[in-house]
Amino acid sequence: MSQHLLLLILLSLLLLHKPISATTIIQKFKEAPQFYNSADCPLIDDSESDDDVVAKPIFCSRRAVHVAMTLDAAYIRGSVAAVLSVLQHSSCPENIVFHFVASASADASSLRATISSSFPYLDFTVYVFNVSSVSRLISSSIRSALDCPLNYARSYLADLLPPCVRRVVYLDSDLILVDDIAKLAATDLGRDSVLAAPEYCNANFTSYFTSTFWSNPTLSLTFADRKACYFNTGVMVIDLSRWREGAYTSRIEEWMAMQKRMRIYELGSLPPFLLVFAGLIKPVNHRWNQHGLGGDNFRGLCRDLHPGPVSLLHWSGKGKPWARLDAGRPCPLDALWAPYDLLQTPFALDS
């Protein structure tokens, strides 16, 4: 047998035993421009930090605007656009610190690298959320996307973020700001409110819970003496100090455990928040959450803006602007999201 023939046989055997390589689409993002503080922005120095564990004073500073968001591969494009919109419209962008929460099963280093490459000057931390504690409490909902454990990370921010962080603005990844986030962060929570969010009292609040809930006097009395209104948990200002003192994570988990025993609601992570906080929150002007732009949860039909001024546009619902733009079937308002999209033309690599 010739040497060349032997080499061909060996090569054929190697190819037969090698799995076919998958083609991985890598999302690459452009670097955002750097934004600078205006002259009247407060200075943040070492005296602002009361936690020796934190590397930079800004991560504990009360003068900083603390923003919390979840981070995952499916929504990274929306997250990058949201961050850009926050920085671009801020009068003190260098005083903003981002607290990103990623699932323990995610490639946190890759997510961290993506944010670093697009915003090399950004002060941020990525926290790993161990979803095992919440996975056992999750009940199936009307949309499988709502069952993702990371959707529940907002209930655990008080545990994930350093104790020195006393107030945080929580933002979903499918939104953009067109106003200064410092205005939202400065919302007056009064003497005892734990969180603030835009309320929608015209919504049919009873529809968020099942007949099992409303027919049970012990359960339905939960809202007695409370003017309970729907609010969207995608935009919230949270006093983490009060949250910790009141053990609100445990209160939310108690309702989730109840849901496992008897079905009292249908929609993912929202109803437990309503059960604990509806009627007790500090209302925020509707301009800070023009929500529902993703369309209805079943067909994703286009929606218009609500009447009034706009500071934040939120594509909550089934349809996401980046998916509709890529498909060539955008809704009219998706054009408002597009300028914040930093995605470069994707390319394929053999893994």
Side-chain angles (χ1 to χ4, degrees), residues 29 31-71 76 79-102 108-109 111-129 153-154 156-173 175-177 179-189 194-196 235-244 288 311-312 340 342:
F29 296 90
E31 181 178 324
Q34 185 168 358
F35 301 95
Y36 298 94
N37 283 356
S38 59
D40 57 349
C41 291
L43 296 176
I44 296 175
D45 53 34
D46 292 340
S47 63
E48 284 292 302
S49 177
D50 57 3
D51 191 332
D52 295 334
V53 178
V54 178
K56 295 181 68 174
I58 192 171
F59 286 98
C60 275
S61 174
R62 295 190 186 188
R63 297 186 182 185
V65 173
H66 295 269
V67 181
M69 299 176 66
T70 58
L71 205 60
I76 186 66
S79 300
V80 170
V83 172
L84 175 59
S85 74
V86 169
L87 298 175
Q88 184 170 323
H89 295 282
S90 172
S91 57
C92 301
E94 295 175 273
N95 288 5
I96 300 175
V97 57
F98 282 84
H99 304 268
F100 295 110
V101 180
S109 60
L111 294 170
R112 187 180 295 107
T114 297
I115 297 297
S116 292
S117 61
S118 290
F119 308 99
Y121 46 82
L122 190 67
D123 289 308
F124 75 94
T125 301
V126 177
Y127 306 87
V128 175
F129 177 44
R154 70 198 83 190
Y156 295 86
L157 293 175
D159 300 324
L160 291 166
L161 273 58
C164 62
V165 180
R166 295 173 173 83
R167 174 181 288 222
V168 70
V169 178
Y170 175 81
L171 299 176
D172 273 351
S173 297
L175 54 77
I176 58 169
L177 275 80
D179 202 344
D180 194 338
I181 195 172
K183 300 176 186 176
L184 178 60
T187 300
D188 182 8
L189 288 172
V194 177
L195 66 83
V235 180
M236 298 183 291
V237 181
I238 306 173
D239 187 313
L240 295 179
S241 297
R242 293 175 182 175
W243 184 293
R244 295 173 182 120
W288 288 104
S311 291
L312 184 152
Y340 301 94
L342 291 178

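One is the number of the first residue; the rest follow in order along the sequence.
- The side-chain contact (heavy atoms from CB on, under 4.5 Å) with Phe124 is formed by just one residue from the set Leu71, Ile115, Val67, Ile96; it is Ile115.
- With contacts defined as side-chain heavy-atom distances shorter than 4.5 Å, the pair Trp288/Asp179 qualifies.
- Counting heavy atoms from C-beta outward, Ile176 and Leu312 have side chains that stay 4.5 Å or more apart.
- Proximity of a side-chain donor or acceptor of Arg167 to a complementary backbone N or O of Ile238 within less than 3.5 Å is not detected.
- Using the six-membered ring where Trp is involved, Tyr121 and Phe119 have ring planes that are perpendicular, over 60° apart on the 30 and 60° scheme.
- Ser85 places a side-chain N or O within donor-acceptor distance of the main-chain N or O of Leu177, the cut-off being under 3.5 Å.
- With hydrogens and angles ignored, the 3.5 Å screen pairs a side-chain donor or acceptor of Arg244 with a backbone N or O of Ala158.
- Considering all non-hydrogen atoms of both residues, Pro42 and Arg63 come closest at CB-CD, 4.0 Å.
- Taking 4.5 Å as the limit, every side-chain heavy atom of Tyr170 sits out of range of all side-chain heavy atoms of Val237.
- The aromatic ring centres of His99 and Tyr127 sit less than 6.0 Å apart.
- Of the inter-residue distances, the one linking His89 atom NE2 with Lys183 atom NZ reads 11.0 Å to the nearest 0.5 angstrom.
- Here the OG atom belonging to Ser116 is positioned 11.0 Å from the CG atom belonging to Leu111, to the nearest 0.5 angstrom.
- Phe35 CZ to Leu84 CG: the interatomic distance, rounded to the nearest 0.5 Å, is 5.5 Å.
- Between Arg154 and Asp172, at least one side-chain nitrogen of the basic residue sits less than 4.0 Å from a carboxylate oxygen of the acidic one, meeting the salt-bridge criterion.
- His66 contributes a side-chain N or O that, together with a main-chain N or O of Ser61, makes up a donor-acceptor pair within less than 3.5 Å.
- Here the straight-line distance linking atom CG of Leu189 with atom OG of Ser241 works out to 11.0 Å at 0.5 Å rounding.
- Atom-to-atom distance recorded for Asn37:CG and Ser90:OG is 7.0 Å, nearest 0.5 angstrom.
- Listed here is the closest heavy atom pair of Ser91 and Cys41: O-SG, 3.2 Å.
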message: For a salt bridge (Lys or Arg N to Asp or Glu O under 4.0 Å) check, start with the C-alpha distance between Arg166 and Asp239, then their side-chain angles and the critical distance, and finish with the verdict.
response: CA-CA 6 Å; Arg166 295 173 173 83; Asp239 187 313; over 6 Å; no
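- Two residues are said to be in side-chain contact when any heavy atoms from C-beta on lie closer than 4.5 Å; Met236 and Val169 fail this criterion.
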